[in-house]
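Remember, it's 1-based here, ligands and their atoms both numbered in the order they're listed. Here the structure is a predicted model, which is why all the values come from computation and not from measurement.
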Amino acid sequence: MREASGAGFASGLGAWRQLPGPLTGALAAAIRTAVLDGRIPVGTRLPSERSLAVTLRVSRGTVVTALATLRDSGWLHTRHGSGSAIQLPPDVTDRTAPWSTSHGGVLDLTRAVPAAPHTAYLKASRRAVQRSATLLVDAAEPDAGLPQLRELLADRYTRQGLPTRPEQILVTAGARAALTLLVDHLADRSRPILVESPTYHGALGILRRRHARLAAVPVTSAGWDAAHLSRTVQAARPKLAYLTPDFNNPTGALMSPRLRTTVADLADRHDMTVVVDETLCDLDLRVPADPITHLAGAGVITIGSTSKLVWGGLRVGWIRADASRIRELQLNPLQARLSPPPLEQLIACELLSDPHELLRDRRDRLRAQRDHLATLLAGAGYWSFTVPPGGLCLWLRLHNVGATALATRAAELGLKLSAGPAFSADRTLTPYLRIPFTGTPEDLTQAVGVLTQAMGR
Ligand SMILES: Cc1ncc(COP(=O)(O)O)c(C=O)c1O
């Protein structure tokens with residue numbers, strides 16, 4: 001359990017004094033909101049009442065009353081001798097709504113998947129088949145990957161400013177396969193895994209299957225809280241961290257170069273391995289796009305994938321690590337099962353050897369769809385959001401309704417969406433809704449129509 005410092009706890013509450021009503025009610029409401037927003041993780045042990053009163057500059061009586069309200073409504077768990085810790089009351093621990101997939105005409109925005117680039121993909125497949133004769137000779141066993149693909153990926157990193165040799169690349173069947181292999185190899189049950197909140201729900205699924213203890217650090221559309229991140233690393237001593245600094249799914253936030261350096265230093269100093277998921281790093285929608293700044297260092301392992309640049313059906317991803325680590329991973333019995341067939345790797349080679357047109361087309365479409373969705377949603381008054389610099393989704397903060405309730409109503413009207421708790425390590429983030437802008441403008445227009453109708457129900 002994490003013990004919050006008085007200052008850390010107070011900074012999580014934001015400008016709570018500006019809330020209407022008496023101070024006790026405002027303080028309790030601010031704590032509830034900070035928990036649901038993921039700024040104060042579930043399980044956080046509160047500082048003593050006296051130290052909270054000093055940091056928040058209120059009387060001890062105000063703190064005592066506010067905490068009593070929270071305790072009575074199930075937000076605080078108090079154990080004699082070990083203080084009070086944040087918990088979620090049962091009515092808040094609702095998960096994402098169970099979706100009905102049985103009827104046709106349903107608009108499914110639970111997945112953030114860009115459309116396949118048909119022409120380029122078919123052309124690349126044909127060329128790969130023509131070149132596949134050599135595979136019959138060379139690729140007898142699942143190995144660390146086809147030499148030409150490992151070379152191409154190493155070259156790409158090197159050109160982007162991160163010198164890399166082919167021996168530092170292990171090809172996998174996508175980024176999730178890469179994470180599965182790394183977690184199997186590196187996780188240590190006695191120490192937690194650091195994740196962002198919110199983070200990619202597919203990664204949370206992989207980590208939960210390992211019954212890993214998770215320590216969450218908040219990320220918002222405005223970015224990461226560097227001080228919170230450092231404090232959590234020092235207090236929770238995670239063995240492994242899973243981070244998405246490039247257009248975090250779902251917020252779209254992009255980590256600053258400075259914080260990347262800080263994270264690499266933290267990894268070094270605290271014996272922590274950071275797995276950096278760069279699956280979305282090509283989806284920079286700014287004009288012009290910035291060059292990629294890789295988060296790199298001795299304690300950092302990078303994973304990537306073709307699933308967003310090319311297509312989720314092409315199951316090709318990779319791990320970039322020290323050559324010695326790659327050799328160890330090759331010995332893991334899971335590795336053969338998590339590697340893609342050679343022909344898929346050849347198709348990836350074809351597409352990645354000259355990705356510029358694909359990339360331009362992908363970015364242009366996503367940018368237009370993002371702006372279209374943002375225009376449709378603007379000014380409705382039901383929600384607020386920040387237009388992200390990249391990625392695949394808008395992350396809406398709903399003002400007067402829980403996201404799961406709204407998603408359930410929308411599902412009844414034929415629109416499937418994912419609510420905030422799906423992206424949270426502790427099932428909080430209940431006021432948030434993720435809307436991917438991967439659909440066509442027509443689909444997005446229809447989706448916002450349904451959502452607005454659901455709001456009025
Ligand atoms: C951050 C992140 N990593 C990985 C993936 C999936 O990668 P793959 O399909 O290669 O397993 C996604 C898909 O949305 C994602 O958002």
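Which of Ser307, Cys393, Ala178 comes nearest to atom 7 (O) of ligand 1 through a heavy atom is settled by distance: it is Ser307.
The cationic atom of Arg434 (NZ for Lys, CZ for Arg) does not lie both less than 6.0 Å from the six-membered ring centre of Phe423 and within 45° of the ring axis.
Near Asp277, the atoms of ligand 1 lying under 4.0 angstrom from a non-hydrogen atom of the residue are 1 (C), 2 (C), 3 (N), 4 (C). For ligand 1, the atoms lying closer than 4.0 Å to a non-hydrogen atom of Ser305 are 8 (P), 10 (O).
Every N/O-N/O distance between Leu392 and ligand 1 stays at or above 3.5 Å. The shortest N or O to N or O distance between Asn249 and ligand 1 is under 3.5 Å.
A heavy-atom separation below 4.0 Å is not found between Arg111 and ligand 1.
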With side chain to side chain donor-acceptor pair (under 3.5 Å) as the criterion, how do Asp277 and Tyr242 come out once you've worked through the C-alpha distance, each side chain's angles and the decisive distance to 0.1 Å? CA-CA 7 Å; Asp277 185 345; Tyr242 167 78; 2.6 Å; yes
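No salt bridge links Glu357 with Arg360; every basic N to acidic carboxylate O contact stays at or beyond 4.0 Å. The existence of a salt bridge linking Arg367 and Asp371 is excluded, since no basic side-chain nitrogen approaches an acidic carboxylate oxygen closer than 4.0 Å.
Under the 4.5 Å side-chain criterion, counting only non-hydrogen atoms from C-beta, Leu243 is in contact with Val263.
Atom 6 (C) of ligand 1 has its closest protein heavy atom at Tyr200 OH, 3.4 Å. Considering only non-hydrogen protein atoms, atom 14 (O) of ligand 1 sits nearest to Lys308 NZ, 2.9 Å.
For the pair Leu451 and Leu415, the tightest heavy-atom approach, listed with the atom from each and the gap, is N-CD2, 4.2 Å.
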